[in-house]
Amino acid sequence: MKPTLPQSSSDNLAQALRQPISPDWLARPSTEVAPDLLGCTLVRQVESGQTYRGLIVETEAYAPGDPACHAYRRPTKRNQVMFGAAGMTYVYLIYGMYHCLNVVTDLDGVPSAVLIRALELEAISPWSDRQKERKLSRVAAGPGKLCRAFNINLSLSAQPLLPGQPLWLEHRSPEFEEQWKQGAIAFVQTTRIGLTQGTDIPWRWYVKDCPSVSKP
DNA sequence: TTGAGGATTTCG
DNA sequence: GAAATCCTCAAT
């Protein structure tokens, strides 16, 4: 039942040019980082050394003073990584069956994070039929689904996002940046999803007209 | 120690 | 519309 994922090819030149995102770049308010992460790449490296990549197309910010933030009240065993320095993962279990991946942001001592809500996976091959591609485009459309697709669980929480680790991030490709500047790619900012508190705060961003977004 | 509830997904 | 399913944390 587990979907087959596209495997990254190491001889792709454009991919080789992508630069890893450093913790410094993430040491800003989550409301700044969240939209900036759109178009960046999440990389998953499994034990065999094989890597999988997904384009980040939907994010949400969580910040201090935000009642929906898991770190709203006090540091606990679960959320303590959110209080620490930027560049760490924060993974939690939701509804007893799904995991959600966050990137810890802002300065040490400021509890905040960005929830990665959806990835666009690269096509399996140029020869894959349209039906297959459409299915694949929804494989990581949602925070629980992307963790299932990339085999992300609680053991990957509080880990550094650095190359060689199980997870890391890469900057936008020059092609994405160019298309975004030209207006060919646009972002939408709106309210967050699935919350009981802080429902009116517009801290969700996604790539407009992207089929891999959880709820356009 | 307890139990209510949750940053979701899927199926009917 | 509601079930699945279990960890977390505030309140006993």
Side-chain angles (χ1 to χ4, degrees), chain A residues 1-5 26 29-38 40 42 44 54 56-84 86-106 110-121 131 134-159 161 167 169 187-207 210-216:
Chain A
M1 284 307 277
K2 194 180 169 189
T4 46
L5 298 177
L26 298 165
S30 58
T31 49
E32 283 184 27
V33 175
D36 284 356
L37 276 177
L38 295 181
C40 296
L42 176 70
R44 171 77 167 105
I56 297 172
V57 295
E58 183 182 354
T59 58
E60 282 179 1
Y62 291 86
D66 168 16
C69 182
H70 282 182
Y72 181 54
R73 294 181 182 280
R74 67 187 73 246
T76 64
K77 187 179 177 185
R78 179 177 71 157
N79 69 22
Q80 64 177 355
V81 67
M82 289 180 73
F83 288 80
M88 302 289 282
T89 60
Y90 166 55
V91 180
Y92 66 90
L93 180 70
I94 187 68
Y95 299 115
M97 61 188 81
Y98 295 105
H99 298 278
C100 293
L101 171 67
N102 294 256
V103 174
V104 175
T105 55
D106 219 315
V110 180
S112 67
V114 171
L115 171 68
I116 309 297
R117 283 195 58 90
L119 303 175
E120 180 176 271
L121 303 183
Q131 193 84 307
R134 209 151 64 90
K135 228 176 182 178
L136 182 66
S137 75
R138 302 292 301 170
V139 163
K145 293 172 77 175
L146 77 87
C147 284
R148 187 179 57 188
F150 273 15
N151 195 24
I152 295 168
N153 55 43
L154 293 182
S155 73
L156 295 189
S157 191
Q159 304 298 310
L161 285 155
L167 291 166
L169 299 164
F187 299 162
V188 176
Q189 178 178 4
T190 182
T191 50
R192 297 172 295 183
I193 287 182
L195 307 177
T196 55
Q197 301 180 75
T199 53
D200 53 335
I201 304 176
W203 284 355
R204 173 175 173 244
W205 290 265
Y206 64 86
V207 177
C210 176
S212 302
V213 165
S214 70
K215 287 169 188 172

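This structure is a prediction, so every number in the text was calculated from the model and none was measured. Only this structure's heavy atoms are used, side chains among them; waters, hydrogens and symmetry mates stay out. First the proteins, then the strands, lettered A, B, ... as listed; each starts at 1.
With distances taken from any side-chain atom of A/N102 to the nucleotides B/dT8, C/dT8, B/dA7, the minimum falls on B/dA7. Taking only side-chain atoms of A/R74, from C-beta outward, the nucleotide of C/dA10, C/dC9, C/dT5 with the closest atom is C/dA10. Nearest nucleotide to the side chain of A/L93, out of B/dA7, C/dC7, C/dA4: C/dC7. When each of B/dT10, C/dA10, B/dT8 is scored by its nearest atom to the side-chain atoms of A/R73, the top-ranked nucleotide is C/dA10. Here the nucleotide nearest the side chain of A/L154, chosen from C/dT8, B/dG6, C/dA10, is C/dT8.
Counting to the nearest Å, the P atom of B/dT8 and the NE2 atom of A/H70 are 9 Å from each other. In this structure, the OH atom of A/Y92 is 16 Å from the C1' atom of C/dT5, given to the nearest Å. Note: CZ (A/R117) to P (B/dA7) measures 11 Å, nearest angstrom. Distance, A/R138 CZ to B/dC11 P: 14 Å, rounded to whole Å. Between A/Y95 atom OH and C/dT8 atom C1' there is a gap of 14 Å when expressed in whole angstrom units. C/dA10 atom P lies 13 Å from atom OH of A/Y72, rounded to whole Å. A/Y62 has its OH atom 12 Å from the C1' atom of B/dG6, to the nearest Å. Between the CD1 atom of A/I94 and the C1' atom of C/dT5 there is a distance of 12 Å, rounded to whole Å.
Scanning both residues, A/H99 and A/V91, for their nearest heavy atoms gives CB-CG1, 4.0 Å. Among all heavy-atom pairs drawn from A/P29 and A/D106, the shortest one is CA-OD2, 3.2 Å.
Nucleic acid contact for A/S214: none, since no nucleic acid atom lies under 4.0 Å from a heavy atom of the residue. At the heavy-atom level, A/L115 lies under 4.0 Å from base atoms of the strands shown. Contact annotation for A/R192: no contact, since no heavy-atom pair falls under 4.0 Å across all strands. The residue A/G96 sits close to a base: some heavy atom pair falls under 4.0 Å.
Distance check: A/L167 CG to A/L42 CG gives 5.5 Å after rounding to the nearest 0.5 Å. Put simply, CD1 on A/I193 and CZ on A/R117 are 4.0 Å apart, with the number rounded to the nearest 0.5 Å. Going from atom CH2 of A/W203 over to atom CG of A/D66 covers 5.0 Å, rounded to the nearest 0.5 Å. Atom OG in A/S30 sits 11.0 Å away from atom CD in A/E60 (nearest 0.5 Å).
Nucleotide C/dA4 has B/dT8 as its partner under the Watson-Crick or G-U criteria, with both atom distances under 3.5 Å.
Comparing C/dT5 with B/dT2, their P atoms are spaced 23 Å from each other, to the whole Å.
The side chain of A/R148 contributes no N or O atom lying less than 4.0 Å from OP1 or OP2 of B/dT9. Dashed line: the shortest gap from a side-chain N or O of A/T76 to OP1 or OP2 of C/dT8 is not under 4.0 Å. Contact annotation: A/K215 does not reach the phosphate of B/dT8 (side-chain N/O to OP1 or OP2, under 4.0 Å). Within the structure, a side-chain polar atom (N or O) of A/T196 is placed less than 4.0 Å from OP1 or OP2 of B/dG6.
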